[in-house]
Every structure is written in C-alpha cells, then in structure tokens.
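One structure below.
To find a chain, count down the sequence lines: A is the first, B the second, and so on, and within it residues start at 1.
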Amino acid sequence: MPIPRPDLQGDRVIAHVDMDCFYVQVEQRKQPKLRGSPTAVVQYNDWKGGALIAVSYEARKFGVKRSMRGAEAEMVCPNIQLVQVPVARGKADLNAYRSAGSEVVSILSTKGRCERASIDEVYLDLTDAAESMLSETPPEALEDIDEEALKSHVLGLSGDEDREKNAQRWFIRSDAIHQDKLLACGAIIVAHLRGEVLKETEFTCSAGIAHNKMLAKLASGMHKPAQQTIVPSSAVKDLLASLPVKKMKQLGGKLGSSLQNDLGVNTVGDLLKYSEEKLQERYGFNTGTWLWNIARGISGDEVKGRVLTKSHGCGKTFPGPRALKTTAAVESWLNQLCEELSERIQLDMDQNKRVAHTLTLHARAFKTSDVEPHKKFPSKSCPLRYGINKIQEDAKKLFEAGLREFLGSHINAWRVTSLSISAGKILDTPRTSSISRFFQGKSLSSAISDASNDDIQDDAPSSSIGCKENIVPESDEDEVFAHGKSVKEDDAPSKDRKIDVLCTQSRKQKDKGNGSILRFFSGIKTSAKLASNAPSSRSESHKVQDQRDHQEECVVDDHSRLGTISNQQRDDSWKFNAEDIDPSVIDELPPEIQREVRGWICSSKRAKTTKQGSSIFHYFSTDDNA
DNA sequence: ACGGGTCGGACC
DNA sequence: TGGTCCGAC
C-alpha cells in the first residue's frame, strides 16, 4: 500500500493541521452553552445511547473514549453532554461538519498548496511562503514573532526546565541551519493561520510543522488541543527511535502488526536494523523501500493541491436484526441514499463547477441458507446521470446486477447488512467558450439537472449492467436543448458570435458511436435557431462566465447530457465523429468552413482528425472575442 | 449487534 | 479499467 517517493526536494516546509475534536467543536459553536463542559457527539442514540464519534477534551479527562456507547460514557462521566449527529432521511447527516471543514480549508489554503486529507485535516506546503519570509522578514527578535508561534513545542530541545524559553531562543537563533530557520518561518505562518481560523470560525486546531508530511502528521498529534509542534531534522532520529510502529500513519493496521509479530519491530527505530533488500524481500519492493525510508524519517510524498473531495458517498449499515430482507426494503433505503447523494453532487456542481461521472454501489450481504458461506456482494458501477430519479433508477439496477451475481444460480434467501452509493470520477468543468455558452443564461447546474428531467422515462435493459456496456440510455437531445427559456429571455448568443466547436480531446476519444461532435452539431442546430431570434447584445452572465478562472473548451460529456468540459489547448488535433450531422447546421458556418466540413463528411464515414493549423481547427479554436 | 459513515490509495 | 482490499479518521 505505501509507495516510496524519493524526497527530491530536501528542504520543504510542510504543515499538518488537525482540528481538535472537530464534531464537538461544530456542535459547541452551534450551541455555545455546551462550551467548556464535557461533551461528546453521538450518532443514533436508540441503541445503548448511540456510538460516540467525537469526544471533547473535558470529557476525555473522565476517561470517555471514542467507540464508547453513550450509556458507557455517562457511567464514567455523569455530566457529559451528548449531542446527536443530525439525522436526515433516516441516516446520519454529516453535511454540517463537511461545510465547517470547508470554512477552515478556505482559510488554510491561502498561504500555500493545500491538501484536504479528511473532513478535519489538511496538509500545507509552506515552502515558498517560508522562503519568502526568511529572505524578506526573518525572525530576528522576539517582538517580531507571533506570540502563538513562540508557544510552539520544538522537539529535541535539551532544556528540561522552561520549555517556552527554549523555544523562544530557538526561534531567533542566528546560527541555526537554513532548514531550521525555514521551519521557524513555517511555524510562524501556521500560528498565524491558526489564529485566523479561530477568529473566523471559532474553531481551535493543532498543527505539526516538519520537512515532510509524515513527520508533520506525527507532530500535529503530539500536543493537543490548540497547540503546535515543530520537528527539526536534528530531532528525527530520537523521535523515531522510541516511536511505536503503530503510531506511524500506514502502520496502524496489518502491516504494523506484521512488523511487530514477524520481525519483532516494536518501534520505528527498530526498523533501522533491516536492510532495504530484506524489507523488500519480506514486504515487496515498494513497501520495503517505503519502510526503509520512513525508518529514517524520509518521505517524499507531496502535498497534493486538492481542497475538494474526489468522491461523494453515503451509506448505512443494517446490523443484526435490522438487516434488509426484501428488494422493496433495499430500494426504499437506496432511494434515501440516492437523494442525499444527488443533493451533494448537485451542491458540488453549483459551488465548484464539477461534474461526477461514475455511480458505484456497494453492499454487504449474506445468505440465510448458505451454500457458499463467505461470498462477497460485488460492487457495481455505471455512468452517473444527474437527477434524483435517474440516480435512484441506476442504483436499483446496480443492486439488482450485484444481487444476481451474489446469488448465482441458486435460489436463496438473503439479507443485506449495508448499502452505500458513491459518486466518483469528479472532473472540473473548465470555463466555457464552447457550445454551452449558448445555454449560459442558466447555470451549468440547472442545465444538467434539466437535462436529466425525470418526466421522460428511459429504459435501459438491466442486463446491460453486467456487461461492459453503458447502462445510460440515449435520450432525446431536445430534452437538453428544449430548456431554453433563459437563453431566449436574456442570454441568447448574438448571431455573429462564433459557434464553438464541440469536441473531445483525442486521447479521450474512446466513446464509440456516440461521439460528442454529434451532440455538438445537434446542439448547434437547436441553438442556432434560438440564436436567430435573440437580441444581439452580450449578456451579463457571459461576462461572469468569462471571468471564471478555468480555461478553454467545453465539451458535452458522455455520461450527462450536457456535462464534461475538457481542456483542449494542449492537444494538437481533434477527432470528430462525422456521423449524422444535420446539413442545416453546416449552413450556419462561413462558406469556406462549410466547404471544408462538407468535404470531410463526404470523405470519411465515421471520424476525422483535424490537425492544428487546418482551417477548421483554426476556425473553431479562434476566440470569438478576437 | 458492528465504532458508523466516508474518504483515499494501491493492486490485480 | 472495474473491483477489491487496506488504512485512516
């Protein structure tokens, strides 16, 4: 699982920021009277008082732990305040925590590359900011330095008496090595950011500052809550020497157990005894090298610039007697899950201009009269279509396909103990200079949800799920394009505006038969009609569109009717599917382009690749503002 | 009858 | 790829 990355760049400044008992803080902000008293967040309190998923530091003093039941917590801490996770559609609703996490990220992402590692954790690469500070305003006197930064814990400082004094001296050491000075700057930046977070969100957090993610993560947990810890290189060896392997990220599971049980490695330092080859032999090449490196505090793992999640999922378990026994029960719960999922991907689209492309269903099930004892319910996925009903419909088909495979040819009673669906392959929709401009009177979001209006029932043969085929049925293009009211009203393109080409990157041109050029021309056909009875002024929303900082072309996607927009500029050719182009579309083009297009329609039965420099390419790729 | 609900990543 | 498994919070 872990993979070694050589730390090419040696002196990075990496921070890991971890919110303190985050769910509790979110609830305390909502309900300030809870502040200061022992508090825990539980979900579902009907069975033994619910399961604790976050515990305040006041409550921890009483020995309250995560994974206790509410009832247990009350035994060890009678005054504990138990707050329930909101429930929506019969399941836990974590949206409040997700959006609180986003508040934090929006502050933390201002000083450098930011990776959202979980709902309440981020990594920051502050190398550039720290270098700048060091060269412009290096910390030379205590007065220069944020008070919070001076409270940092600096690992490896010898002084046992006054920790804070030592830390302060460390900050302003003029003879410190460059690496340490960078860390000091990083710590000052982090202290400032934490102050901003507190001011703007009322949340406290803890942080670790080090030269790589692994050490930063380790450090952020060392002094909590609301404190920060610095790991100078000089402290790494001693730190790891006594660190139990299980404390290291990635070693909390089977791999860590194996190190202990099979190699007798109890601390990370113990790993130093093993050669890289030995570790590779035992755990495989990648893992072996990775282990060898982390024993030395080496990790080149980079901070990904990613503040948004890569997928959205929701699920629910149905333990013991609650296990679902009928397809009706399964469908009913799937519908609830799909509603939530739909809401979330819709929000993602509205807020972030992103579109999800695959829908995946997971389930756990067992057979009551089991012949094959431990067969797993297979997960299934299909292209994702926007719209609650479509998602529900597709999820149902995915479940049916999975169930058939799960049951095989036997006639068996079954129980489902968990269900989850997720939306993945989420791609940015770069700003539109393409066909979607014709429809930009409305948001991308409404365009897509309109495109998946549920009044038209499409019937995909459910058998197609098991196969490699797309279960998404083709629907009438007019369904998309018919929704033109805002286009007509206030945002129709002017007649002379360049009709943008719709195309896909050639490397993505795997869609067979339903190439996007086809949709493009269908689109032009309709939009040209709309355009012809529209006012000729550029609309307000076009200007807004133009300001989006994404770039380049827009493409109608395979999975949603009006969806994916992909970057083109780097491609030197576009591949067009020339099938089924309505001649009236071509009439809209300038004469010389018309001739060109008619030419390649005649000459090619299926597809045509135009190279950069061709007149068609030039025409369609030229900015209409030019 | 399970820490539940979600995530990310690697592997085949 | 899709599907599975692992690890994490």
Side-chain angles (χ1 to χ4, degrees), chain A residues 1-5 16 18-23 40-55 65-70 72-73 84-88 91-95 97-98 101 115-123 217 220-221 246-258 284-287 290 301 304 306 308-323 337 340-341 344 357-364 366 375-383 398 401-402 405 415 417-426 465-468 510:
Chain A
M1 147 148 270
I3 211 164
R5 318 247 184 234
H16 179 258
D18 197 332
M19 306 307 293
D20 305 318
C21 54
F22 189 46
Y23 290 10
V41 174
V42 297
Q43 62 187 8
Y44 311 132
N45 68 358
D46 55 337
W47 197 64
K48 298 194 178 179
L52 272 59
I53 55 176
V55 179
K65 300 217 167 76
R66 265 195 310 270
S67 89
M68 272 183 171
R69 292 276 154 191
E72 293 176 67
Q84 279 183 257
V85 173
V87 173
K91 65 177 290 299
D93 176 9
L94 306 180
N95 284 329
Y97 311 124
R98 276 189 275 260
E115 175 179 340
R116 194 172 184 175
S118 78
I119 201 166
D120 71 336
E121 282 177 276
V122 304
Y123 289 97
K217 162 84 180 166
S220 70
K246 294 258 169 201
K247 299 283 183 190
M248 182 72 71
K249 185 165 160 133
Q250 306 282 12
L251 297 183
K254 296 183 179 181
L255 181 54
S257 300
S258 167
F285 185 83
N286 281 343
T287 305
W290 182 82
D301 189 11
K304 277 78 176 171
R306 184 182 54 73
L308 302 175
T309 138
K310 298 174 83 163
S311 65
H312 301 286
C314 43
K316 181 167 176 62
T317 56
F318 307 95
R322 296 195 195 182
L337 296 172
E340 183 189 322
L341 186 70
R344 284 166 58 192
H357 287 260
T358 59
L359 181 71
T360 306
L361 176 135
H362 298 266
R364 287 158 62 116
F366 63 90
K375 188 166 175 181
K376 291 212 166 104
F377 195 101
S379 65
K380 291 288 157 198
S381 58
C382 71
L398 290 174
E405 194 174 318
R415 297 284 187 279
T417 57
S418 92
L419 280 177
S420 73
I421 46 159
S422 60
K425 289 200 175 54
I426 304 180
I465 288 183
C467 319
K468 291 265 169 162
K510 294 209 319 204

(request) Check whether any side-chain nitrogen or oxygen of A:Lys310 sits under 4.0 Å from OP1 or OP2 of B:dG9, and answer yes or no. (result) yes
(message) Looking at A:Ser311, I'd like to know whether one of its side-chain N or O atoms comes within less than 4.0 Å of OP1 or OP2 on B:dT6.
(response) no
(request) State, to 0.1 Å, how close A:Asp93 and A:Val85 come at their nearest heavy-atom pair, and which atoms those are. (result) O-CG1, 3.9 Å
(message) Tell me the interatomic distance from A:Asn95, atom CG, to B:dT6, atom C1', rounded to whole angstroms.
(response) 12 Å
(message) So, does A:Ser379 get its side chain near the phosphate of C:dT4, meaning an N or O under 4.0 Å from OP1 or OP2?
(response) yes
(message) Under 4.0 Å, counting only non-hydrogen atoms across every strand here, what does A:Met248 touch: a base, just sugar-phosphate, or nothing?
(response) sugar-phosphate
(request) Assign A:Tyr44 to base, sugar-phosphate, or nothing according to its heavy-atom contacts below 4.0 angstrom with the strands shown. (result) sugar-phosphate
(request) Ignoring backbone atoms, test whether A:Arg98 places a side-chain nitrogen or oxygen under 4.0 Å from the OP1 or OP2 oxygen of B:dC7. (result) yes
(request) May I ask you to decide if A:Lys254's main-chain N or O and A:Ser258's side chain share a donor-acceptor pair within less than 3.5 Å? (result) no
(request) Of all the heavy-atom pairs spanning A:Ile53 and A:Arg66, show the shortest one and how long it is. (result) O-CD, 3.5 Å
(request) Determine: side-chain N/O of A:Lys254 to OP1/OP2 of C:dC5, distance under 4.0 Å, yes or no. (result) no
(request) Select one nucleotide: of B:dG5, C:dT4, B:dA1, the one nearest the side-chain heavy atoms of A:Arg322. (result) B:dA1
(message) Using a 3.5 Å limit on both distances, find every run of at least three consecutive Watson-Crick or G-U pairs that involves DNA chain B.
(response) B:5-12 with C:2-9
(request) Find which nucleotide of DNA chain B each of A:Arg306 and A:Gly320 is nearest to by heavy atoms, and output the residue with the more 5' nucleotide. (result) A:Gly320
(request) Figure out the CZ/C1' separation between A:Arg116 and B:dC7, and round it to whole Å. (result) 11 Å
(message) Quick check: on DNA chain B, is the nucleotide nearest A:Phe318 upstream (toward 5') of the one nearest A:Arg344, or the reverse? Name the residue that is more 5'.
(response) A:Phe318
(message) Please report the distance, rounded to the nearest Å, between CZ in A:Phe377 and P in C:dC5.
(response) 14 Å
(message) For the C1' atoms, the ones on B:dG9 and on C:dT1, what distance do you get once it is rounded to whole angstrom?
(response) 16 Å
(message) Using whole Å, what does the distance between atom P of nucleotide B:dG8 and atom CD1 of A:Ile119 come to?
(response) 11 Å
(request) Determine: side-chain N/O of A:Lys425 to OP1/OP2 of C:dG2, distance under 4.0 Å, yes or no. (result) yes
(message) Could you check whether A:Lys249 makes a cation-pi contact with A:Tyr123, meaning its NZ or CZ is under 6.0 Å from the centre of the six-membered ring and within 45° of the ring axis?
(response) no
(message) Taking atom NZ as the centre, does A:Lys246 end up with more than 12 heavy-atom neighbours from other residues, nucleotides or ligands that are less than 6.0 angstrom away?
(response) yes
(message) Any base atoms under 4.0 Å from A:Lys246, or only sugar-phosphate, or nothing? Heavy atoms, all strands.
(response) nothing
(request) Please state whether the phosphate of B:dT6, meaning OP1 or OP2, lies under 4.0 angstrom from any side-chain nitrogen or oxygen of A:Lys91. (result) yes
(message) Pair A:Leu52, A:Glu72 - check side-chain contact (heavy atoms from CB on, under 4.5 Å), show working.
(response) CA-CA 10 Å; A:Leu52 272 59; A:Glu72 293 176 67; over 6 Å; no
(request) Give the nucleotide from the list B:dG8, C:dT4, C:dC9 with an atom nearest to the side chain of A:His362. (result) C:dT4
(message) Please pick, from C:dT4, B:dG5, C:dG7, the nucleotide with the shortest atom-to-atom distance to any side-chain atom of A:Pro378.
(response) C:dT4
(request) Would you mind reading off the distance between A:Glu121 atom CD and B:dT6 atom P, rounded to a whole angstrom? (result) 17 Å
(request) Take atom CH2 of A:Trp47 and atom P of B:dG3, then tell me their distance rounded to the nearest Å. (result) 9 Å
(request) Could you tell me whether the phosphate oxygens of B:dT6, OP1 or OP2, come under 4.0 Å of any side-chain nitrogen or oxygen in A:Ser118? (result) no
(message) On the nucleotide C:dG3, are OP1 or OP2 found under 4.0 Å from the side-chain N or O atoms that A:Ser381 carries?
(response) yes
(request) Rounded to whole angstrom, note down the P distance from B:dA1 over to C:dC9. (result) 26 Å
(message) Without decimals, in angstroms, what is the distance between A:Glu115 CD and B:dC7 P?
(response) 15 Å
(request) Provide the closest heavy-atom pair for A:Lys91 versus A:Leu337 in the form atom of the first, atom of the second, distance. (result) CD-CD2, 3.4 Å
(message) Please confirm whether the shortest side-chain N or O distance from A:Lys217 to OP1 or OP2 of C:dG7 is below 4.0 Å.
(response) no
(message) Holding to side-chain contact (heavy atoms from CB on, under 4.5 Å), I want the full list of residues that pass it with A:Ala51, two or more places apart in sequence or in another chain.
(response) A:Arg69
(request) Can you tell me the distance, in whole Å, between the CG atom of A:Asn286 and the P atom of C:dC5? (result) 20 Å
(request) Determine which pairs satisfy salt bridge (Lys or Arg N to Asp or Glu O under 4.0 Å) with at least one residue from residues 42-54 of chain A, sequence neighbours left out, and list them in order. (result) A:Asp46-A:Arg322
